[in-house]
Novice: 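For reference, the structure I am asking about is given below.
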Amino acid sequence: QVQLVESGGGSVQAGRSLRLSCTASGRIDLINGMGWYRQADGKQREMVAMIGHDDSTSIARTVRGRFTISRDKVANTVYLQMNSLKPEDTAVYYCNVDGYDPATVRDFLSWGQGTQVTVSS
């Protein structure tokens, strides 16, 4: 029901900043929260940051103080501002939304295609 388009990934040196963007389309009226996950080679996907319907945020311990999540509700876009990047931040970053469809009485998750972030030392 919801499509996600990500942008902003790339390769940077440690200590630099990067901002990821994710724009949602489709049944945006069904979205509850939006956020970001990441998956490094050989590791499981982990939550990085989420922002809820009430604009409350949840930030992973590993990036707290360096990463910030925000959302533009008019543009249906969520951002992940990544500062003081470290090599261990290297991963594929995935945009995510969760929602609820009252017509089917079902919760759902949608994922972006993923964007590579590589941080060199």
Side-chain angles (χ1 to χ4, degrees):
Q1 303 98 311
V2 177
Q3 296 77 49
L4 303 172
V5 178
E6 300 155 304
S7 63
S11 298
V12 297
Q13 292 182 326
R16 297 290 197 269
S17 297
L18 206 60
R19 188 180 74 164
L20 305 183
S21 300
C22 174
T23 299
S25 61
R27 296 296 306 278
I28 56 176
D29 56 308
L30 305 182
I31 296 174
N32 288 323
M34 303 183 70
W36 294 92
Y37 286 67
R38 69 184 183 185
Q39 186 168 21
D41 284 344
K43 299 181 66 176
Q44 68 181 64
R45 189 172 300 185
E46 64 178 356
M47 190 273 287
V48 177
M50 297 293 294
I51 185 165
H53 181 71
D54 60 353
D55 291 329
S56 62
T57 60
S58 180
I59 309 295
R61 297 188 308 274
T62 52
V63 302
R64 198 170 298 158
R66 298 186 296 117
F67 290 12
T68 302
I69 188 169
S70 61
R71 179 167 64 181
D72 183 338
K73 294 183 179 179
V74 175
N76 304 310
T77 300
V78 64
Y79 303 95
L80 183 66
Q81 179 66 46
M82 304 184 291
N83 297 326
S84 302
L85 283 163
K86 303 175 180 180
E88 49 263 45
D89 295 319
T90 296
V92 177
Y93 285 70
Y94 297 90
C95 183
N96 163 265
V97 302
D98 68 86
Y100 174 72
D101 188 347
T104 59
V105 198
R106 292 177 180 177
D107 296 314
F108 67 89
L109 297 174
S110 294
W111 296 91
Q113 78 287 349
T115 183
Q116 178 71 46
V117 172
T118 302
V119 184
S120 61
S121 59

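Fair warning: this is a prediction, and the values are worked out from it, not measured in the lab.
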Novice: State, to 0.1 Å, how close Met50 and Trp36 come at their nearest heavy-atom pair, and which atoms those are.
Specialist: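 Scanning both residues, the minimum pair turns out to be SD-N, 4.1 Å.
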Novice: Please tell me if the side chains of Met82 and Arg66 come closer than 4.5 Å, counting only heavy atoms from C-beta onward.
Specialist: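 With C-beta onward as the side chain, the pair stays apart.
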Novice: Other residues, nucleotides and ligands only: do more than 12 of their heavy atoms fall within 6.0 Å of CG on Asp41?
Specialist: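 No, not enclosed.
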Novice: Counting heavy atoms not belonging to Arg64, are there more than 12 under 6.0 Å from its CZ?
Specialist: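 Count over threshold, so yes.
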Novice: For the pair Arg71 (side chain) and Gly52 (backbone), establish whether a donor and an acceptor sit closer than 3.5 Å, ignoring hydrogens and angles.
Specialist: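 Pair found, side chain donor or acceptor close to backbone of Gly52.
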Novice: Taking the side chain as everything from C-beta on, heavy atoms only, tell me whether Val119 gets closer than 4.5 Å to Lys86.
Specialist: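 A side-chain contact under 4.5 Å is absent here.
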Novice: Within the 4.5 Å heavy-atom criterion, are Leu4 and Gln113 side-chain neighbours or not?
Specialist: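 Of all side-chain heavy-atom pairs linking Gln113 with Leu4, none is under 4.5 Å.
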Novice: Say whether Ile28 and Leu109 are linked into one hydrophobic cluster, either directly or through other cluster members, by side-chain heavy-atom distances under 4.5 angstrom.
Specialist: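 Not linked; separate clusters.
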Novice: Applying the 4.5 Å side-chain criterion to the ILVMFWY set and letting contacts propagate, would Tyr93 and Ile51 be lumped into a single cluster?
Specialist: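 As far as the 4.5 Å side-chain criterion goes, Ile51 and Tyr93 are connected within one cluster.
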Novice: Evaluate Asp72 against Tyr79 for side-chain contact (heavy atoms from CB on, under 4.5 Å), listing each step before the verdict.
Specialist: CA-CA 8 Å; Asp72 183 338; Tyr79 303 95; 4.1 Å; yes
Novice: For Gly114 versus Tyr94, what's the shortest heavy-atom pair and its separation?
Specialist: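 Scanning both residues, the minimum pair turns out to be CA-CD2, 3.5 Å.
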Novice: Looking at residues at least two apart in the chain, or sitting in another chain, which of them share a side-chain hydrogen bond (donor to acceptor under 3.5 Å, both in side chains) with Asp29?
Specialist: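 Partners of Asp29 by the side-chain hydrogen bond (donor to acceptor under 3.5 Å, both in side chains) criterion, ordered by chain and then number, come out as Arg27.
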Novice: Is the closest side-chain heavy-atom distance between Leu30 and Pro102 below 4.5 Å?
Specialist: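 The answer is yes, as the side chains (C-beta and beyond) meet within the 4.5 Å cut-off.
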Novice: To the nearest 0.5 Å, what is the distance between CZ (Arg19) and CG (Asn83)?
Specialist: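 One gets 11.5 Å once the value is rounded to the nearest 0.5 Å.
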Novice: Are Lys73 and Asp55 side-chain neighbours, meaning at least one heavy-atom pair lies under 4.5 Å?
Specialist: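 Of all side-chain heavy-atom pairs linking Asp55 with Lys73, at least one is under 4.5 Å.
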Novice: Is any side-chain heavy atom of Ser25 closer than 4.5 Å to one of Val5?
Specialist: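 Sidechains of Ser25 and Val5: no contact.
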Novice: On a heavy-atom basis, which atom in Pro87 and which in Ser121 lie closest, and how many Å separate them?
Specialist: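 For Pro87 and Ser121, the tightest heavy-atom pair comes out as CG-CB, 4.0 Å.
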Novice: In Å and rounded to the nearest 0.5 Å, what is the CZ to CZ distance from Arg38 to Arg45?
Specialist: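 Reported to 0.5 Å precision, the distance equals 13.0 Å.
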Novice: Report yes if the side chains of Ile31 and Tyr100 come closer than 4.5 Å at any heavy-atom pair, otherwise no.
Specialist: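 Contact flag for Ile31/Tyr100 side chains = no.
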Novice: Applying side-chain hydrogen bond (donor to acceptor under 3.5 Å, both in side chains), can you list everything that pairs with Ser84, at least two apart in sequence or on another chain?
Specialist: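 Once residues adjacent in sequence are excluded, Ser84 has no partner under the side-chain hydrogen bond (donor to acceptor under 3.5 Å, both in side chains) criterion.
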Novice: Please report the C-alpha distance between Thr23 and Thr77 in whole Å, then the side-chain angles of each, then the deciding distance to 0.1 Å, and finally whether the side-chain hydrogen bond (donor to acceptor under 3.5 Å, both in side chains) criterion is met.
Specialist: CA-CA 4 Å; Thr23 299; Thr77 300; 2.9 Å; yes
Novice: In the single-linkage hydrophobic clustering (I, L, V, M, F, W, Y; side-chain heavy atoms under 4.5 Å), do Tyr37 and Ile69 co-cluster?
Specialist: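 No.
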Novice: Any idea which heavy atoms bring Ser17 and Val12 closest together, and the distance?
Specialist: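 The answer is O-CG1, 4.4 Å.
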Novice: Give me the atom names and distance for the closest heavy-atom approach of Gly8 to Leu18.
Specialist: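 Between these two residues, the closest heavy atoms are O-CG, 3.4 Å.
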Novice: Would Met34 and Val2 satisfy side-chain contact (heavy atoms from CB on, under 4.5 Å), going step by step from the backbone distance to the final call?
Specialist: CA-CA 11 Å; Met34 303 183 70; Val2 177; over 6 Å; no
Novice: Could you see if Val78 belongs to whatever hydrophobic cluster contains Ile59? Use Ile, Leu, Val, Met, Phe, Trp, Tyr and a side-chain cutoff under 4.5 Å.
Specialist: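 Same cluster: Val78 reaches Ile59 through Ile, Leu, Val, Met, Phe, Trp or Tyr contacts under 4.5 Å.
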Novice: Atom OG1 in Thr57, atom CZ in Phe67: separation rounded to 0.5 Å?
Specialist: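 Going from OG1 on Thr57 over to CZ on Phe67, the span is 14.5 Å.
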Novice: Looking at Ser58 and Met47, what are the two nearest heavy atoms and their distance?
Specialist: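 Heavy atoms of Ser58 and Met47 come nearest at OG-CE, 3.6 Å.
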Novice: Contact between Val63 and Asp89 at the side-chain level, heavy atoms closer than 4.5 Å - yes or no?
Specialist: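 A side-chain contact under 4.5 Å exists here.
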